[in-house]
Asker: 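Below is a structure I'd like to ask you about.
The structure presented is a predicted model; accordingly, all values stated were derived computationally and were not measured. Residue indices begin at 1 and follow the sequence shown.
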Amino acid sequence: MVEHSRRTVLRSGGIAAASVPLAGRISPAAAGTDPIMVGPGDPRYRSLVLRGYNRRFEGRPEEICVATSTEDVVRAVERAERTGRRVAVRGGGHCFENFVDDPSVRVLIDLSGMTAVDYDRRRKAFMVEAGATLGEVYRRLYVGWGVTLPGGTHPDVGVGGHVAGGGYGVLCRRDGLSVDHLYAVEVVVLDRAGKARSVVATREASDPNRDLWWAHTGGGGGNFGVVTRYWFRSPGEQAALPKPPGTVLTFTVDWTWEKLDREAFVRLLRNYGEWGERNSAPGSPMAPLYGEFIFSRPAENATLTGQVVSDSGAERILADLMGALHRGLDLRPQPKTVAMPWLHATRYGFGGGPAPFYRIKIKSGYRRRRLTDAQAAVAYEQLARTDFDNGHFFVNTYGGRVNAVAPGATAVAHRDSIFKIGYLAGWEDAKGDDRNLTWIREFYRKIYAASGGVPAEDDGFGTFINYPDADLADPRWNQSNVPWHTLYYGDGYARLQRVKARWDPRDVFHHTLSVRS
């Protein structure tokens, strides 16, 4: 195993990149001292506790361990178990449920001090520490080696949970999911005797720990141990990852809400859905296009935003989509386009959704076919309400190379979908909790009224574990005969349970939607 990274100055392909975990402080691991431990009386405590994205939940841990090495994590996990305290781990802080920010969590392991990105010559793979953010990973991989991961669009999301849940993004239709390029994972686990250790598991068929690797290819975070490092190498390749495009064509198209009556709204979603049905197979010439259709009542417009790989005939591909969207509609807005370097586009990110530090509730659903006209009409009615303006509804392109991988090859079960749909409410005042939760729950239940209020339809089955929704485990909101874990993991749940029983026999790592051994 490669030595654990303890450097405060990283060298990525010959280019130095400073990485100081806490402002003005040298890594204690590098200095040979104890890990950074922060308690409630420390002035840093509040800042670390509030790193969570969702203000609906706030934890009160007795101590926060800002880990700078795998050894720090091993010690923290073992100490928490020895003292009988619940432990949780934070990467980027973008979890939408209370898996980390929960009063019962007494020890919080913060990975923001583990941000190294490097090339491991022995494994012929790129090593990424789990505390790094997507934006920094993209920058370091590209500037250092000219490669990338097909990950998410938000540059501040942490790699740790994003990858474990099967993260997707702009290049997924062209290059697949991030986990499709995962070669190995290092995980701090706890055995039946309460002894913590780090284990490296690879995708090699001969690896006796391979099941632990498989569980991290979409099995979700917080289930089996603490991920400290990932290694990435595309299947069948030696020392390779996808090369991103040099430039991309970004586009934004706006339809004003005042001109979108119900008929036009339904027709627009139908046109978009039919385009996706025609153009989402693996190898499709339209796979270089990624789009997010965002319908948001706080905004004045419904907005389709996205990117097209420039050297794929971007103008032609975008024109094909626009032609399909305009079919049967008098509204024909022109897209605003900007050609820009790929790295700049990744750091620019995508708009939509509530601002950080809002109170948030999210739900999701995969689609094998477009939404029906009746479902689109429900969406219009919910979004056009004059008594509610905190709602967001988005329909993201999917499929392409994602669907070239067999469902059992990774823990990501949904390998036949063409759209990923999200429902989101974001508000500021705790007094609005009941009102906002009622809105999003009613929206979701009405969309999936034919299948017990959850996406258990033939044309739209399953949900995304990185958009966790505890309601799916509540019979008040899931009235189907499909359990929450089948919606997330399909037929792979039994295998995940076996991994859980082997690697976390004491059920130390658990939350509302965790895998049960």
Side-chain angles (χ1 to χ4, degrees), residues 49-61 86-106 108-111 152 154 156-158 160-167 218-224 226-227 353-354 356-366 390-392 394 411 420-428 430 432-434 436-441 443-445 453-455 462-478 483-489 493 496 500 507-516:
V49 166
L50 291 179
R51 282 218 306 121
Y53 186 74
N54 190 353
R55 288 280 69 80
R56 281 179 62 211
F57 309 110
E58 184 175 324
R60 296 177 181 85
R86 184 181 170 192
V87 64
V89 61
R90 167 163 290 147
H94 280 248
C95 183
F96 289 106
E97 287 285 3
N98 65 335
F99 299 170
V100 177
D101 293 311
D102 187 280
S104 67
V105 172
R106 310 314 299 148
L108 176 61
I109 300 174
D110 189 301
L111 297 179
H154 197 306
D156 292 334
V157 167
H162 180 74
V163 172
N223 279 314
F224 313 100
V226 181
V227 175
F357 306 115
Y358 269 45
R359 305 174 72 82
I360 298 168
K361 179 65 178 178
I362 194 168
K363 294 176 177 286
S364 67
Y366 288 95
N390 296 330
H392 308 261
F394 56 89
K420 189 172 285 187
I421 297 179
Y423 312 76
L424 190 149
W427 64 102
E428 296 185 20
D433 285 4
D434 289 344
N436 284 274
L437 290 172
T438 297
W439 176 85
I440 193 171
R441 285 166 172 163
F443 191 173
Y444 202 65
R445 181 160 54 188
V454 299
T463 54
F464 182 38
I465 190 58
N466 277 357
Y467 298 158
D469 175 17
D471 288 352
L472 296 177
D474 188 332
R476 291 177 299 172
W477 311 114
N478 180 358
W484 65 266
H485 50 77
T486 301
L487 292 170
Y488 283 122
Y489 302 120
Y493 185 65
L496 289 172
K500 176 76 169 180
D507 195 27
V508 170
F509 304 100
H510 62 270
H511 50 72
T512 308
L513 297 177
S514 58
V515 174
R516 311 289 196 263

Asker: Could you pull out the closest heavy-atom pair between Pro455 and Gly365, with the gap in Å?
Answerer: CG-CA, 4.2 Å
Asker: Nearest 0.5 Å, please: how far is CG in Leu108 from CZ in Arg51?
Answerer: 8.0 Å
Asker: Report the distance from atom CD1 of Ile440 to atom CH2 of Trp477, rounding to the nearest 0.5 Å.
Answerer: 11.5 Å
Asker: Would the distance check show the side chain of Glu97 and the main-chain N or O of Thr512 forming a donor-acceptor pair, the cut-off being under 3.5 Å?
Answerer: no
Asker: Test side chain to side chain contact (heavy atoms under 4.5 Å, CB included) on His94 and Asn466 and set out the steps.
Answerer: CA-CA 9 Å; His94 280 248; Asn466 277 357; over 6 Å; no
Asker: For the backbone of Gly219 and the side chain of Tyr489, can you confirm whether one donor and one acceptor N or O come within less than 3.5 Å of each other?
Answerer: yes
Asker: Show the nearest heavy-atom pair for residues Tyr467 and Tyr488, with the distance to one decimal.
Answerer: O-OH, 4.0 Å
Asker: I'd like to know if Arg476 pairs up with Asp471 as an ion pair, taking the criterion as any Lys NZ or Arg NE/NH1/NH2 lying under 4.0 Å from an Asp or Glu carboxylate oxygen.
Answerer: no
Asker: Which atom names give the shortest non-hydrogen contact between His392 and Gly426, and what distance separates them?
Answerer: CD2-N, 4.4 Å
Asker: Closest approach of Pro468 and Leu513, non-hydrogen atoms and distance?
Answerer: CB-CD1, 4.1 Å
Asker: Name the one of Val226, Val515, Asn223 that satisfies side-chain contact (heavy atoms from CB on, under 4.5 Å) with Phe509?
Answerer: Val226
Asker: Asp102 vs Arg86, test: side chain to side chain contact (heavy atoms under 4.5 Å, CB included). Steps then yes/no.
Answerer: CA-CA 10 Å; Asp102 187 280; Arg86 184 181 170 192; 3.9 Å; yes
Asker: Quick one, Tyr358 with Arg55, criterion side chain to side chain contact (heavy atoms under 4.5 Å, CB included). Give me CA distance, side-chain angles, the key distance, then yes/no.
Answerer: CA-CA 6 Å; Tyr358 269 45; Arg55 288 280 69 80; over 6 Å; no
Asker: Is Leu472 close to Tyr444 at the side-chain level, that is, under 4.5 Å between some pair of heavy atoms?
Answerer: yes
Asker: Got a second to check how far Leu487's CG is from Ile465's CD1, nearest 0.5 Å?
Answerer: 10.5 Å
Asker: Using the ring-ring contact (aromatic ring centres under 6.0 Å, His included) rule, pick out the option among Trp439, Phe443, Phe96 that qualifies with Tyr423.
Answerer: Phe443
Asker: Kindly give the heavy-atom pair with the smallest separation between Gly59 and Pro61, and that separation in Å.
Answerer: C-CD, 3.5 Å
Asker: Walk me through whether Val105 and Val100 qualify under side chain to side chain contact (heavy atoms under 4.5 Å, CB included).
Answerer: CA-CA 7 Å; Val105 172; Val100 177; 5.8 Å; no
Asker: Only one of Asp110, Val227, Leu111 forms a side-chain contact (heavy atoms from CB on, under 4.5 Å) with Val89, so which one is it?
Answerer: Leu111
Asker: Are Asp507 and Arg516 close enough, and set up right, to give a salt bridge (Lys or Arg N to Asp or Glu O under 4.0 Å), and what steps lead you there?
Answerer: CA-CA 8 Å; Asp507 195 27; Arg516 311 289 196 263; over 6 Å; no
Asker: To the nearest 0.5 angstrom, please state how far the CD atom of Glu58 sits from the CG atom of Asn98.
Answerer: 13.0 Å
Asker: Do NZ/NE/NH1/NH2 and the carboxylate oxygens of Arg56 and Asp101 come within less than 4.0 Å?
Answerer: no
Asker: Measure the CH2-CG distance between Trp484 and Asp474 for me, rounded to the nearest 0.5 Å.
Answerer: 13.5 Å
Asker: Would you please classify the geometry between the Phe464 ring and the Tyr366 ring as parallel, tilted or perpendicular, with 30° and 60° separating the classes?
Answerer: perpendicular
Asker: Which pair of heavy atoms, one from Asp469 and one from Ile362, lies closest together, and at what distance?
Answerer: CB-O, 3.8 Å
Asker: Is there a donor-acceptor contact under 3.5 Å from the side chain of His162 to the main chain of Gly152?
Answerer: yes
Asker: If only side-chain N and O atoms count, and only distance matters, is there a donor-acceptor pair under 3.5 Å linking Asp433 with Trp427?
Answerer: yes
Asker: With rounding to the nearest 0.5 angstrom, report the CZ to CG distance, Phe394 to Leu424.
Answerer: 6.5 Å
Asker: Distance-only, no hydrogens or angles: does the Arg106 side chain make a donor-acceptor pair with backbone N or O of Arg60 under 3.5 Å?
Answerer: yes
